[in-house]
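Next up is a structure, given as structure tokens.
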Amino acid sequence: HAANTCPEVCNGEDDDGDDDIDEGVDNCEPCENACTEGQVCSNNVCREEDFTRYIASASSRQYRNACSSGGTMILAPGSSDAAVMVPIPEGLGFLFYGRPVTKMWVGADGWISFDDANPDLGGQPEAIDAPGLSGNAIYAFWDDIKLVSRRSDSNGKVCVGTAGNPDTPSSFYVTWSDVCLERSCESEDSIDVMVELMADSKIYIAYGDAIDNIKGVPGIGEKGARD
């Protein structure tokens, strides 16, 4: 069928090509029979029964730089517009909107995605509730970010690190260190951003240095839920 000609049926897919899943189908929860004990079917995904939405609030959590504290560099200088898949430590037990995640895509342009495949969001940010945007992501600082290697004091890069016991870490964090915006890379201004995933499934976004004209898109989005 061509787009917009197939009727919507209860299958967890966008049958009519309008970017909505199973809309208008009564009593439709296609994952309901697949969920295990202790899970509920919500928005076509099996989740822990006590899952909640994320609520934004101020925090005293400090910026932590994985690049300078024994972490692993995953995107080197010159890797602008790239993305890399990173496994999440098994012992962390992190849940995203109540569902387990075992890997994530980290983009040089300031985003993390839990999609199975690279969403290739690029560096042209949209509103996180824009039609067609998959969600399922953390937008720490989504913008046209460059990892430059010509700065006088250090090089832009992205690193990951863990805190606590290596087998059962208390957190897993991603740092965009000393990066710059494409429109301001000629100056020595820099941006330092951290996303920290906690063992209790909280998410912290913390900022170190940042320039004044920042316009990056921050937020958290899941299919059918944007916070």
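Here the structure is a predicted model, which is why all the values come from computation and not from measurement.
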L197 and V84: same hydrophobic cluster, using ILVMFWY side-chain contacts below 4.5 Å?
yes
Mark yes or no for whether S170, through its side chain, and A163, through its backbone, hold a donor-acceptor pair below 3.5 Å.
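Yes, S170 side chain to A163 backbone: donor-acceptor pair under 3.5 Å.
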So if you build clusters from Ile, Leu, Val, Met, Phe, Trp, Tyr with side-chain heavy-atom gaps below 4.5 Å, do L75 and V86 land together?
yes
Using a 3.5 Å distance criterion without hydrogens, assess whether the side chain of W176 forms a donor-acceptor pair with backbone atoms of G107.
yes
Is there a donor-acceptor contact under 3.5 Å from the side chain of Y207 to the main chain of A140?
yes
How long is the span from the CD1 atom in I145 to the CD1 atom in I191, to the nearest 0.5 Å?
5.5 Å
Show your reasoning for whether side-chain contact (heavy atoms from CB on, under 4.5 Å) applies to F94 and M104.
CA-CA 12 Å; F94 176 78; M104 60 188 184; over 6 Å; no
Donor-acceptor pair, side chain of E90 and main chain of I88, under 3.5 angstrom:
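Here the side-chain-to-backbone pair does not exist.
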Please find the pair of heavy atoms, one from K103 and one from M85, that lie closest to each other, and give the distance.
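Minimum heavy-atom separation between K103 and M85: CB-SD, 3.6 Å.
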Assess whether atom CG of D116 is packed by more than 12 heavy atoms of other residues, nucleotides or ligands within 6.0 Å.
no
Between V179 and F141, does the side-chain contact (heavy atoms from CB on, under 4.5 Å) criterion hold? Intermediate values first, please.
CA-CA 11 Å; V179 301; F141 190 89; over 6 Å; no
So which heavy atom on P169 is nearest to which on A199, and how close?
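Shortest heavy-atom contact: O-CB, 3.9 Å.
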From CA spacing to verdict: side-chain contact (heavy atoms from CB on, under 4.5 Å), Y97, N136:
CA-CA 9 Å; Y97 284 95; N136 209 29; over 6 Å; no
Approximate separation, where rounding is to 0.5 Å, of L147 CG and K157 NZ
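Separation between the atoms: 9.5 Å.
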Consider only side-chain heavy atoms of I, L, V, M, F, W and Y, link residues closer than 4.5 Å, and tell whether V195 and V101 are in one cluster.
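Yes, V195 connects to V101 through the hydrophobic network.
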Any side-chain to backbone donor/acceptor pair from S171 onto E196? Under 3.5 Å, distance only.
no
Same cluster or not: are I220 and Y204 linked, directly or through other Ile, Leu, Val, Met, Phe, Trp or Tyr residues, by side-chain heavy atoms under 4.5 angstrom apart?
no
Please check if the side chain of D192 supplies one atom and the backbone of S177 the other of a donor-acceptor pair under 3.5 Å.
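Not at all, since once roles are kept as given, no pair shorter than 3.5 Å links the two residues.
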Nearest-0.5 Å distance that lies between atom CE in M198 and atom CD1 in I203
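Between M198 CE and I203 CD1, I get 11.0 Å after rounding to 0.5 Å.
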Provide the closest heavy-atom pair for R64 versus T175 in the form atom of the first, atom of the second, distance.
O-OG1, 2.9 Å
Heavy-atom pair with the smallest gap, counting every atom of R61 and S59
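Where R61 meets S59 most closely, the heavy atoms are N-OG, 3.0 Å.
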Could you grab the distance from atom OG1 of T162 to atom OH of Y173, nearest 0.5 Å is fine?
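Taking OG1 in T162 and OH in Y173, the distance rounds to 7.0 Å.
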Main-chain N/O of C67 paired with N65 side-chain donor or acceptor, under 3.5 Å
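Yes.
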Could you check whether any side-chain N or O of D109 sits under 3.5 Å from a backbone N or O of D144, counting only pairs where one atom can act as donor and the other as acceptor?
no
Is it true that atom NZ of K202 has more than 12 heavy atoms of other residues, nucleotides or ligands lying nearer than 6.0 Å?
no
State whether the side chain of N118 and the backbone N or O of D120 hold a donor-acceptor pair below 3.5 Å, judged by distance alone.
yes
Which label fits F96 and F114: parallel for a plane angle under 30°, tilted from 30 to 60°, or perpendicular past 60°?
tilted
Spatial distance of atom CG (D200) from atom CG (L92) [nearest 0.5 Å]:
9.5 Å
Side-chain donor/acceptor of S79 to backbone N/O of A76, under 3.5 Å
yes
